[in-house]
Amino acid sequence: GEDVEQSLFLSVREGDSSVINCTYTDSSSTYLYWYKQEPGAGLQLLTYIFSNMDMKQDQRLTVLLNKKDKHLSLRIADTQTGDSAIYFCAETNSGYALNFGKGTSLLVTP
Amino acid sequence: DTGVSQDPRHKITKRGQNVTFRCDPISEHNRLYWYRQTLGQGPEFLTYFQNEAQLEKSRLLSDRFSAERPKGSFSTLEIQRTEQGDSAMYLCASSPQGQGEKLFFGSGTQLSVL
């Protein structure tokens, strides 16, 4: 199947920016997503981007898409301790079967 | 909008037993999805419904698994003759009409098969 790769861990200090990176292999991906999962909880949709866009900004979140390199990133500005969670990158070309990465565990230290 | 609701939150069962999970989607969401997540992994797609019709099933969904959405509202996922490898978090999601790409997930049912 198609692969979605993410680094497993990221640690940042409160107030700094966090950048979480993701690469994928499916050149026919139409939507790409970032989900957040806190311990014992389901997945919260943070943002998604169409494959014909290269950037999307939503408050503290900025998504960048490099379709040529199949690279997606999520930047969180002014990271807070409440942002500590696992962040999943996902892609789909069907709109129903999302292909997720293994998640990046973000730790925000005071 | 109360979110996607799943019941139970946790289920412990013995190998060989049958289990059934329930999912109540966000009201008026016509698409409903089941995913499975094991420890340290991202969720994996199992199946999805548009209204009451089951439109797609993953090859991960063996013959022991069956999902229904009889009236196009809530859905059930049944696992027969459970095996230890079935232990996972079972996640349900729903999406609104015409926005099939915006999946909203529930908190999941954690299944442990002993």
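So that the names make sense, note that chain A is the first sequence line, chain B the second, and so on, each numbered from 1.
Counting non-hydrogen atoms of neighbouring residues, nucleotides and ligands closer than 6.0 angstrom, the NZ atom of K102(A) reaches no more than 12 such neighbours. Within 6.0 Å of CD on Q80(B) lie more than 12 heavy atoms contributed by other residues, nucleotides or ligands. More than 12 heavy atoms of other residues, nucleotides or ligands shown are found within 6.0 angstrom of CG on D69(A). Crowding of L39(B) atom CG: a count of heavy atoms from other residues, nucleotides or ligands under 6.0 Å not exceeding 12. Around CZ of R15(B), the count of heavy atoms belonging to other residues, nucleotides or ligands within 6.0 Å does not exceed 12. More than 12 non-hydrogen atoms from other residues, nucleotides or ligands lie less than 6.0 angstrom from CG of L107(A).
Cluster annotation: L111(B) and L60(B) are assigned to the same hydrophobic cluster (Ile/Leu/Val/Met/Phe/Trp/Tyr, side-chain heavy-atom contacts under 4.5 Å, transitive).
Here P43(B) is the residue among G40(B), P43(B), C92(B), A93(B) with the most heavy-atom pairs under 4.5 Å with chain A.
Between Y96(A) and Y48(B), the ring planes lie parallel to each other; the angle is under 30°, not in the 30° to 60° tilted range.
Heavy atoms closer than 4.5 Å to chain B are found in the side chain of Q37(A), but not in its backbone. Only the backbone of A41(A) comes within less than 4.5 Å of a heavy atom of chain B; no side-chain atom from C-beta onward does. No part of Q110(B) comes within reach of chain A, as not one of its non-hydrogen atoms sits under 4.5 angstrom from that chain. For a residue to count as touching a neighbouring chain, one of its non-hydrogen atoms must lie under 4.5 Å from one of that chain's; by this rule Q37(B) touches chain A with the side chain only.
Looking at Y35(B), its side chain does come within 3.5 Å of a backbone N or O of L98(A) through a donor-acceptor pair.
Here the shortest heavy-atom pairing between L91(B) and L43(A) reads CD1-CD1, 3.6 Å. In plain terms, the two heavy atoms of G42(B) and F100(A) that are nearest each other are CA-CB, 4.0 Å.
In this structure, K102(B) NZ and T47(A) OG1 are separated by 9.5 Å, a value rounded to the nearest 0.5 Å.
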